[in-house]
Structure formats: structure tokens, C-alpha cells
Colleague: 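The following block contains the structure, expressed as C-alpha cells.
A quick note: this is a predicted structure, and the numbers were derived from the prediction, not measured. Just the heavy atoms: all of them, side chains too, but no hydrogens, waters or symmetry mates, feed the values below.
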Amino acid sequence: MNDIIASIAIFSFVVFPPALLVLKFITKKPGWWIIVLLIVLFALLGWGVVFTAFVEEQNRISELIDQERYEELPEGWDSDGASGVFALFAGWVVPLAYFMLWLVIYTLAAMVRGLFTSSQPPNRDRKLLK
């Protein structure tokens, strides 16, 4: 069951930003205020996923120790300090950086589309003056 939930969370994390920005690119909807709100929610949910992954990894190591099978413990299992601090205080950075990467790609695509879809003829202002 945990594998299914983890797969759904990872799939949602990977698909949500590009799907939202493709929708914005094609239909020019939703508005930017909704996208900013969704970015904040995505960062908060992503922080929750990062922190949950850290806690689950610690639980897994704890179960291995309880089984007294020390040969299977992962490398560095006893020095987790920095990863725990990062997950707690800066776990939101990972989803925000991922979303910003897709926002840069969206901006480049919008600039290219703007170059190829000019709606004004080059001499439009001269025709209006005559």
C-alpha cells in the first residue's frame, strides 16, 4: 500500500507543473494568480513529501536495527543530521526549484510563440496615418 501511495505522490510531483503550464500555454487559462497560488500549494505539499520520505527512511533503518541484521544497514545510517535538518527546514526548495525549471521552459516557449504569431502587419501605423 505504501508503494502505491509513494508512486502516486511521485507521479503527481513530476506531472503537475508541466501539465499546468501546458494548459496555460494552450488555453491561456487559468490566470497567473491561480498559478502562483498553485505554486505555493505545490511547494507546501512537496515539503510534506520530502519530510515524509525522510521519516519513512528513518523508520526503515530503525526496523533493520530492531531485526539485529547489521550487515544490511545502508551506508551512513548513523549520521543523518544534515538530511533531517534540510527536510525539516528547506524541503520546500526542491518542489519550488522543479516548478521554476518548468516556468523557465514555459517562458521560452511563450517567447518563441510570440515571435511567430505577430498579429500586426509591419506597416500598420502608416496605413492609419493616411
Side-chain angles (χ1 to χ4, degrees):
M1 184 64 175
N2 286 341
D3 291 338
I4 294 171
I5 293 171
S7 297
I8 291 170
I10 290 170
F11 179 76
S12 300
F13 179 81
V14 170
V15 171
F16 179 71
L20 179 65
L21 293 175
V22 164
L23 178 69
K24 173 72 175 167
F25 187 78
I26 294 172
T27 65
K28 298 187 180 178
K29 292 179 183 178
W32 281 109
W33 68 274
I34 292 176
I35 291 178
V36 169
L37 178 68
L38 290 173
I39 289 172
V40 170
L41 289 174
F42 182 74
L44 290 174
L45 290 174
W47 171 80
V49 169
V50 168
F51 189 71
T52 302
F54 170 75
V55 169
E56 288 297 319
E57 178 65 15
Q58 294 304 309
N59 287 339
R60 186 181 72 82
I61 290 172
S62 192
E63 288 174 3
L64 288 175
I65 291 172
D66 290 343
Q67 293 175 2
E68 297 180 6
R69 297 172 69 189
Y70 299 112
E71 69 273 3
E72 295 180 14
L73 292 176
E75 186 72 29
W77 67 271
D78 57 345
S79 60
D80 67 334
S83 62
V85 171
F86 178 81
L88 183 59
F89 294 114
W92 55 272
V93 172
V94 174
L96 189 62
Y98 181 69
F99 208 109
M100 291 301 128
L101 171 72
W102 282 104
L103 200 56
V104 166
I105 293 170
Y106 171 84
T107 303
L108 292 173
M111 290 170 59
V112 169
R113 179 177 64 184
L115 290 174
F116 289 112
T117 58
S118 178
S119 61
Q120 296 180 1
N123 296 326
R124 180 177 181 262
D125 294 333
R126 282 191 192 166
K127 292 178 183 178
L128 293 176
L129 294 175
K130 291 183 182 181

Colleague: Output all residues satisfying side-chain contact (heavy atoms from CB on, under 4.5 Å) with Leu45, sequence neighbours left out; order by chain, then residue number.
Modeller: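 With sequence neighbours excluded, Leu45 shows a side-chain contact (heavy atoms from CB on, under 4.5 Å) to no residue whatsoever.
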
Colleague: Quick one: list whatever passes side-chain hydrogen bond (donor to acceptor under 3.5 Å, both in side chains) with Tyr98, sequence neighbours left out.
Modeller: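 Residues passing side-chain hydrogen bond (donor to acceptor under 3.5 Å, both in side chains) with Tyr98: Trp102.
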
Colleague: Does any N or O in the side chain of Thr27 come within less than 3.5 Å of the main-chain N or O of Leu23, such that one atom is a donor and the other an acceptor?
Modeller: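 Yes; judged by distance alone, with no hydrogens or angles, the pair exists.
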
Colleague: Using the test side-chain contact (heavy atoms from CB on, under 4.5 Å), find all partners of Leu44 that sit at least two apart in sequence or belong to another chain.
Modeller: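 If we apply the side-chain contact (heavy atoms from CB on, under 4.5 Å) test to Leu44, skipping adjacent residues, the hits are Val40.
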
Colleague: If a pair satisfies side chain to side chain donor-acceptor pair (under 3.5 Å) and one of its residues is in residues 6-25, list it, with sequence neighbours excluded.
Modeller: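 Side chain to side chain donor-acceptor pair (under 3.5 Å) check on residues 6-25 returns no pairs.
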
Colleague: Determine the minimum heavy-atom distance between Pro95 and Gly46, stating which atoms define it.
Modeller: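 Scanning both residues, the minimum pair turns out to be CG-CA, 3.6 Å.
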
Colleague: Can you sort out the partners of Val55 under side-chain contact (heavy atoms from CB on, under 4.5 Å), two or more places apart, ordered by chain and number?
Modeller: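 side-chain contact (heavy atoms from CB on, under 4.5 Å) check on Val55 returns Phe51, Asn59.
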
Colleague: Any idea which heavy atoms bring Gly91 and Val50 closest together, and the distance?
Modeller: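 Closest approach of Gly91 to Val50: O-CG2, 3.8 Å.
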
Colleague: Quick one: OG on Ser62 to CD on Glu57, what's the gap to the nearest 0.5 Å?
Modeller: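 One gets 11.5 Å once the value is rounded to the nearest 0.5 Å.
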
Colleague: Quick one: do Val49 and Leu88 end up in the same hydrophobic cluster if we chain Ile, Leu, Val, Met, Phe, Trp and Tyr together by side-chain heavy atoms under 4.5 Å apart?
Modeller: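 Per the 4.5 Å side-chain linkage, Val49 and Leu88 are not co-clustered.
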
Colleague: So which residues get pulled into Ile8's cluster when ILVMFWY side chains under 4.5 Å apart are joined, directly or through others?
Modeller: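 Grouped by the 4.5 Å side-chain rule, Ile4 form the rest of the cluster around Ile8.
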
Colleague: Using a strict threshold of under 4.0 Å (side-chain N to carboxylate O), is an ion pair present between Arg60 and Glu63?
Modeller: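 Salt bridge: no.
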
Colleague: Any pair with a residue in residues 31-54 that passes side chain to side chain donor-acceptor pair (under 3.5 Å), sequence neighbours left out, goes on the list, sorted by first then second residue, please.
Modeller: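 Matches after skipping sequence neighbours: none remain.
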
Colleague: Looking at residues at least two apart in the chain, or sitting in another chain, which of them share a side-chain contact (heavy atoms from CB on, under 4.5 Å) with Ala109?
Modeller: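 In terms of side-chain contact (heavy atoms from CB on, under 4.5 Å), with neighbours along the sequence ignored, Ala109 is linked to Phe25.
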
Colleague: Could you tell me if the side chain of Tyr106 sits less than 4.5 Å from the side chain of Ile35, heavy atoms only?
Modeller: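 No, too far: nothing below the 4.5 Å cut-off.
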
Colleague: Go through it in stages, so that I can follow the logic: the residues are Ile34 and Lys29, the test is side-chain contact (heavy atoms from CB on, under 4.5 Å), and I'd like the CA-CA distance, side-chain angles, deciding distance and then a yes or no.
Modeller: CA-CA 9 Å; Ile34 292 176; Lys29 292 179 183 178; over 6 Å; no

Colleague: Give me the other members of the hydrophobic cluster that Leu108 sits in, counting Ile, Leu, Val, Met, Phe, Trp and Tyr linked by side-chain heavy atoms under 4.5 Å, directly or via other members.
Modeller: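 Leu108 shares its hydrophobic cluster with Val104.
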
Colleague: Identify, with sequence neighbours excluded, every residue that meets ring pair (Phe, Tyr, Trp, His ring centres under 6.0 Å) alongside Phe16.
Modeller: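 For Phe16, the residues satisfying ring pair (Phe, Tyr, Trp, His ring centres under 6.0 Å) (neighbours in sequence not counted) are Phe42.
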
Colleague: Looking only at non-hydrogen atoms, find the nearest pair between Leu20 and Pro30 and report the distance.
Modeller: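 Result for this residue pair: CD1-CG, 4.2 Å.
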
